[in-house]
Amino acid sequence: MTRTIKIFDTTLRDGEQCPGASLNPEEKLEIARQLAKLNVDVIEAGFAIASQGDFDAIKAIAQTVKGPQICSLARTKKEDIARAWEAVQYCDRPRIHTFIATSPIHMEKKLSMKPEQVLKIAVDMVKYARSLCPDIEFSPEDAGRSDPEFLYKIIGAVIDAGASTVNVPDTVGYTSPWEFGQLIENIIKNVPQIKAKKAVISVHVHNDLGLAVANSLAAVKAGADQVECTINGIGERAGNASLEEIVMNLKTRKDFFGCETKINTQEIYKASRLVSNLTGMMVQPNKAIVGANAFAHEAGIHQHGVLRARETYEIMHPKDIGLTESKIVMGKHSGRHALAKKLKDLGYELDKDALEKAYQRFLEIADKKKEVGERDLETIVAEEIYVVPEDYKIVNIEFKSGMKLKPEAKVVLTYKGKEIKKTANGAGPVDAVYSAIKQLTKVKASLVDYSIQAITGGTDALGEVTVRIKDKNKIYVGHGADTDIIIASAKAYLAAINRLLYATTARQ
Ligand code: KIV
Ligand code: ZN
């Protein structure tokens, strides 16, 4: 019989914990809406006690996103659990996910507790959480390095205390697929409550040794019923198991796994782009399922094979992840209606104002570039629509650079409507533009990352720049796209600055 595996998405919690991926509440809501379209079973929307922003985002998601269960993480502490409940209580099927470490190294060095103390706290806090919320998940953190006998004991005890899901995390990505699969099999065998199906057994694997997906799949094969994962595999350190890889493995190799998920796989590509755009975490071109090259065939022999019979070199259909194959390109003669239709086909339904903004931007690009492709359109949507209110806006940028010239940039901005300008020099044109912007905005944040990518092929391609700036230990991401990479760089830098100002002033 085919088992249905639950997909617990933690992009907005564990995914957002990765350096540089911080999202504001509006962006989290946008991603949560897309996760609902994907039809994930559970959205772990954040860690309610961690910050006011996280709390607001979880609450907004719980109040507005329909379909998936909405969950908040909480340590096994009363104040954490109460705060988690405050945030998730608004949705139809709330969940609280509480955890405490169970490995000898974590108990001794991090918690300074004996196993019996950990066991008691876990049971007491699951009972407390259950008194507030009907659905409780418990995780013995660092289960991959815990004593299996202790795991069996604590898992049985928390189920008796009211946990309906027990998640087994390999917190540091230490185990191998054979070991991890065996661990799950042993838990099922040795915990009577799991054997009797009194709780769902879940897994949560990190990718430190590149085995997160393999370990999760080994666990599914061994009997796990829920997998925790993130879009594009983002997360702490080397990340979490990637949702798209887990789901497409189960779909493509249903013959082997005998399992399916409820995921609407045609929303995968869009989810991947959205998360990448909003977090500024680029997807490597050779990334399985969603990388730019995942369905590209370069070698002549491969192209020949695919043209004769797709299955020779393609085990999945691009359409299955929502990659449209339409070659219809938009140009400067395309109207608003055509743009709205094309964006709708790509899954973006914009309101009147957003569509007008996107259309004006589209015309600017179409003027410089013969054909505006689907990736360009997605970039326009990301750049123009998902932005915070802009204190600073670009009016004009002029620069000169060359082998025998000292790079110089003249930047004209408006600040809350008032025009300001500055001329600055730099090591190159980008440096000169950034120096002028820095002097104009007086923002002290340091630039920690700058990357540039061509959205489509050709020398007239849109260049997409992503920057990360750091201020008081927080990272702010900005994107900018333009056929001129210096302008794209300026837009990205200013977008990050506007985001910083929005986060630190308007939201206080
Ligand atoms: O990696 C981990 O152990 C976690 C837990 C909180 C589930 O993220
Ligand atoms: Zn984790």
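Read the numbers this way: they start at 1 and go in the same order the structure lists the ligands and their atoms.
- Around the Zn ion (ligand 2), the protein contributes the following N, O or S atoms under 2.8 Å, ordered by chain and number: Asp14 OD2, His204 NE2, His206 NE2.
- Using a 4.5 Å heavy-atom cutoff, the side chains of Ile100 and Phe138 are in contact.
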Let me see the working for Lys262 and Asp41 under salt bridge (charged side-chain N to carboxylate O under 4.0 Å, His left out), right down to the final yes or no. CA-CA 8 Å; Lys262 291 195 307 201; Asp41 295 276; 3.1 Å; yes
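- Pro68 places none of its side-chain heavy atoms less than 4.5 Å from the side chain of Val42.
- Taking Asp255 as the reference, Arg253 meet the salt bridge (Lys or Arg N to Asp or Glu O under 4.0 Å) condition, with sequence neighbours excluded.
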Please tabulate, one line per pair, the protein N or O atoms found under 3.5 Å from any N or O atom of ligand 1, giving the distance to one decimal.
unit_1: ligand 1; atom_1: 1 (O); unit_2: His204; atom_2: NE2; d: 3.2
unit_1: ligand 1; atom_1: 1 (O); unit_2: His206; atom_2: NE2; d: 3.0
unit_1: ligand 1; atom_1: 3 (O); unit_2: Thr171; atom_2: OG1; d: 2.6
unit_1: ligand 1; atom_1: 8 (O); unit_2: Arg13; atom_2: NH1; d: 3.4
unit_1: ligand 1; atom_1: 8 (O); unit_2: Arg13; atom_2: NH2; d: 2.9
unit_1: ligand 1; atom_1: 8 (O); unit_2: Asp14; atom_2: OD2; d: 3.0
unit_1: ligand 1; atom_1: 8 (O); unit_2: His204; atom_2: NE2; d: 3.1

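- Using cut-offs of 30° and 60° for the angle between ring planes, the Tyr434 and Tyr493 rings count as parallel.
- Between Glu228 and Ile7, every side-chain heavy-atom pair lies at or beyond the 4.5 Å cut-off.
- Salt-bridge annotation for Arg95 and Glu44: absent, with no side-chain N of the basic residue lying under 4.0 Å from a carboxylate O of the acidic one.
- Comment: Arg3 does not engage Glu260 in a salt bridge, judged by the lack of any side-chain N to carboxylate O separation of less than 4.0 angstrom.
- Every residue meeting the side chain to side chain contact (heavy atoms under 4.5 Å, CB included) condition with Tyr174, not counting sequence neighbours, appears here in chain and number order: Arg145, Asp170, Val172.
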